[in-house]
Amino acid sequence: MPELPEVEVVRRGLERWVAGRTVTEVEVLHPRAVRRHPAGGADFAARLTGQRFEVARRRGKYLWLPLAESGTSVLGHLGMSGQLLVQPEGAADEKHLRIRIRFDDSAGTELRFVDQRTFGGLSLHDQTPAGLPDVIGHIARDPLDPEFDDAAFQSALRLRRTTVKRALLDQSLISGVGNIYADEALWRSRLHYDRPTATLTRPRSAELLGHIRDVMNAALAVGGTSFDSLYVNVNGESGYFDRSLDAYGREDEPCRRCGTPMRRRAWMNRSSYFCPRCQRPPRPTV
DNA sequence: AGGGTCACCTGTCGGC
DNA sequence: TGCCGACAGGTGACCC
């Protein structure tokens, strides 16, 4: 569940089903799932056992479970294919089950980290005075954070010497935006992905930020975007926002504004979807 | 220093 | 059928 709305859906599930529970056993079934925990899987398991989870928090695409009275937290990132699932004890292991966490209560469920491509993982970190795991200090606030500074973001965006989609995907400038919501916000803003950030006016950058927020909130309201069973909440359920996408994945389909067939362009080892009429490419600079 | 490229994985899909 | 390449929602180490 990679981008902000999908991660927030997972965070809410953890808040409901995992907060307040005490860990009795941790099984690390694949070393890559704890590769961001330098001391290794055995240390991760030993240090987590006996600890009690507090309410899950999130910044951008990272989420973490603070451990009560310890000054540490379990940090999680879902990568491209990670899932955090609350499953009945005894349910058959998923094919890509990487980490299992058991609890001391009688709720009858356990927490599982399942990840096909192993780009995601869990790790244990000290918290900074601000309450953030120390290794994500470089991650900017996300646009749904009440303390996100709109004016500062707009200024920083326009000062960058890069192109607008690159900037949106830079998690140290604004976090939580990935390939889907970048394309959606750019389509709503009528901006081409290769538009130099320096050419954005203040109103255009404000409008872009507004569209990022709007599209993320709209996705969150319907449980996020799921094209397949890889992207689900902690109960294994998909979101519905794929039906509302205007740009992402719509190659050759008519633009919902002007009817022109949408295009896909290879871009940074991935794809950008855009309307060639509504989102004109920037004039080549000399 | 900051921007841009590529590797890291496993799986699916479409073309031949 | 099978093989092969393209592609998939992300990140950060490493270039220049």
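Order of the sequence lines sets the chain letters (A, B, ...), proteins ahead of strands, with each chain counted from 1.
Judged as a salt bridge (Lys or Arg N to Asp or Glu O under 4.0 Å), and not counting sequence neighbours, D115(A) has no contacts.
Taking atom P in both dC9(B) and dC14(C), the straight-line distance is 15 Å, to the nearest Å. Of the P atoms belonging to dG5(C) and dA7(B), the separation is 15 Å, rounded to the nearest Å.
At a threshold of 4.0 angstrom between heavy atoms, the contacts of Y181(A) with the nucleic acid are absent. Nucleic acid contact class of R270(A) (heavy atoms, under 4.0 Å, all strands): base. Nucleic acid contact for R264(A): sugar-phosphate only, since backbone atoms but no base atoms lie under 4.0 Å from a heavy atom of the residue. Within the nucleic acid shown, H138(A) comes within 4.0 Å of sugar-phosphate atoms alone, with no base atom in reach, counting heavy atoms only.
The listed nucleotides are dC9(B), dG3(B), dT11(C); the one nearest the side chain of Y62(A) is dT11(C). In the set dC9(B), dG4(B), dG9(C), the nucleotide with an atom closest to the side chain of R166(A) is dG4(B).
Of the possible donor and acceptor atoms, none in the side chain of R190(A) sits under 3.5 Å from a partner among the backbone N and O of W187(A).
Look at H77(A) and you won't find any side-chain N or O under 4.0 angstrom from OP1 or OP2 of dG10(C).
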| message | Output the pairing pattern of DNA chain B as a dot-bracket string, 5' first, Watson-Crick or G-U wobble with both distances under 3.5 Å, | for cross-strand pairs, [ ] for crossing pairs. | response | .|||||||.|||||||
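Here the two rings, on Y248(A) and F227(A), have centers that are under 6.0 Å apart.
A residue-by-residue look at D170(A) and N269(A) shows that D170(A) has its nearest nucleotide of DNA chain B further toward the 5' end.
Ring stacking holds between F119(A) and dG10(C), with the centres under 5.5 Å apart and the planes within 30 degrees of each other.
Side chains of Y181(A) and E6(A): a donor-acceptor N/O pair is present below 3.5 angstrom, by distance only.
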